[in-house]
2 protein chains.
Amino acid sequence: MVESSSDEILADADKVDVAFLVVGDPFGATTHTDLLLRARSLSIPHATVPNASILTSIGCTGLQLYNFGQTVSMVFFTDSWRPSSFYDRLLENCSLGLHTLILLDIKVREPSLENLARGRMVYEPPRFMSVAQCAQQMLEVEEERGEGVCGRERLAVGVARVGSEGQKIVAGTLKQLAEADLGPPLHSLVLLGKRTHDLEREFLADFAVEREGFEGIWRKDYEGR
Amino acid sequence: MVESSSDEILADADKVDVAFLVVGDPFGATTHTDLLLRARSLSIPHATVPNASILTSIGCTGLQLYNFGQTVSMVFFTDSWRPSSFYDRLLENCSLGLHTLILLDIKVREPSLENLARGRMVYEPPRFMSVAQCAQQMLEVEEERGEGVCGRERLAVGVARVGSEGQKIVAGTLKQLAEADLGPPLHSLVLLGKRTHDLEREFLADFAVEREGFEGIWRKDYEGR
């Protein structure tokens with residue numbers, strides 16, 4: 001709604017109080033910054049309240065927030081649309097040894113292409129990308145690009161429902177995560193960088209799909225860089 | 001306290017409920033991860049609650065959270081201790097065109113070196129680094145290193161008391177920020193990267209010390225990279 005109906009949200013906001021609630025931090029999405037700019041151009045007084053966000057609560061993995069580079073997004077691939085710009089961002093973070101938080105696609109209240117073409121506002125059932133789907137898409141793009149950024153033996157951490165009681169954390173290779181089931185949404189994934197701290201290994205190892213293999217790859221590729 | 005007295009915090013935590021409150025997100029500090037590891041090694045059940053953090057609420061500047069690289073810290077320089085490793089991190093982020101959030105030093109309940117040497121637990125008055133001090137230290141290190149990372153004409157944004165009613169945002173060159181007074185703590189600073197979005201300029205220009213100069217430098221150095 002906020003993308004298409006900001007006029008509606010801001011209508012009368014100069015006369016009555018209007019609150020706009022979001023999931024996560026209000027500045028996590030460009031759309032919200034845009035909404036504020038519109039309010040400002042209409043001289044509507046406004047204030048925002050900071051909130052918890054996956055961008056910091058991902059610290060529940062034990063990975064140090066200082067060691068993260070830029071955050072990237074992963075969209076659902078279709079037969080004809082497989083955007084791989086995320087790979088360039090991963091490559092940049094990897095070149096500095098930094099972790100990458102990957103935010104996974106959500107499709108809510110979106111019409112199918114077919115229904116859109118016919119002008120029917122019939123929505124698809126909501127879809128939430130899983131850690132397994134994300135890992136699978138990363139492996140496919142690594143196959144195409146081949147720069148060693150997110151191959152089968154790269155370590156990653158999948159998280160689900162962070163901050164809720166059923167929170168789940170799974171660490172492993174991308175190949176393992178492509179086969180992991182973390183249950184209901186929302187999911188996110190972190191690709192590990194090689195500039196690691198021993199505390200990170202210690203914290204993560206408990207969540208490993210297969211602890212010995214995890215620590216073996218860590219010692220070989222991720223230690224003391 | 002948490003650094004030195006985690007045993008005390010965890011004493012009896014296997015029998016009674018113990019809550020540990022922090023400012024910001026609980027995983028913003030390595031120390032807290034360490035506390036959890038200790039709890040885990042003692043088989044003490046534990047849970048954490050995500051919270052708002054400057055790492056995301058810095059979005060109030062209009063800078064897109066996707067465009068931030070790794071976060072760095074700035075400590076108070078002394079005559080004999082002027083650590084410049086922050087410069088290497090800034091250089092890395094700059095090389096990718098990313099913004100850098102710089103967290104500023106806080107000295108609370110710390111004895112002076114003199115008192116420490118004499119074994120006297122007399123604390124110094126609390127000190128909080130200001131945006132101006134941070135900008136000044138950056139200029140000094142740029143003078144020494146000379147790689148063009150944080151010179152006088154580089155753009156930056158200072159923030160103070162983010163999330164509170166008296167929140168303040170000031171954008172300008174590092175030279176301007178080195179002379180800016182943002183009032184009481186807490187302060188943080190963002191060094192701008194060159195991979196910018198026009199929405200960022202539009203949002204920030206309103207906070208510029210001197211708007212025309214800000215937009216001039218933006219057009220010359222920060223646009224469409």
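Chain identifiers are assigned alphabetically (A, B, ...) following the order of the sequence lines, protein sequences preceding nucleic acid strands; residue numbering begins at 1 within each chain.
- Between the CD atom of E92(B) and the CD atom of E92(A) there is a distance of 12.5 Å, given to the nearest 0.5 Å.
- Residue-environment remark: CD (E144(A)) exceeds the threshold of 12 foreign heavy atoms within 6.0 Å.
- For S57(B) against P50(A), the heavy-atom pair with the smallest separation is CB-CB, 3.6 Å.
- Atom NZ of K107(B) is surrounded by more than 12 heavy atoms from other residues, nucleotides or ligands within 6.0 Å.
- Residue T48(A) holds its OG1 atom at 6.0 Å from CD of Q167(B), rounded to the nearest 0.5 Å.
- Interface remark: of the candidates Q64(A), R40(A), E202(A), R40(A) forms the most heavy-atom pairs closer than 4.5 Å to chain B.
- Contact of L103(A) with chain B is made through the side chain alone, with heavy-atom distances under 4.5 Å.
- Between chain A and the options N67(B), T56(B), N93(B), the largest number of non-hydrogen pairs under 4.5 Å is found for T56(B).
- Put simply, the side chain of F203(B) reaches to within 4.5 Å of the side chain of L37(A), judged on heavy atoms.
- Taking all atoms of both residues into account, the shortest heavy-atom contact from G28(B) to L65(A) is CA-CD1, 3.9 Å.
- At a 4.5 Å heavy-atom cutoff, the contact between N51(B) and chain A is made by backbone atoms alone.
- Note on L101(A), L96(A), V162(A): by heavy-atom pairs under 4.5 Å with chain B, the leading option is L96(A).
- Atom CZ in F27(A) sits 10.5 Å away from atom CG in L63(B) (nearest 0.5 Å).
- Proximity of L199(A) to D34(B): side-chain heavy atoms (C-beta onward) are separated by under 4.5 Å at one or more points.
- Taking CD1 of I58(B) as the reference point, atom CG of L55(A) lies at 13.0 Å (rounded to 0.5 Å).
- Side-chain N/O atoms of Y66(B) and T30(A) include no donor and acceptor closer than 3.5 Å.
- If you take OG1 on T71(A) and CZ on F68(B), they are separated by 10.5 Å, rounding to the nearest 0.5 Å.
- Within 6.0 Å of atom CG in D198(B), more than 12 heavy atoms from other residues, nucleotides or ligands are found, so the atom counts as buried in its surroundings.
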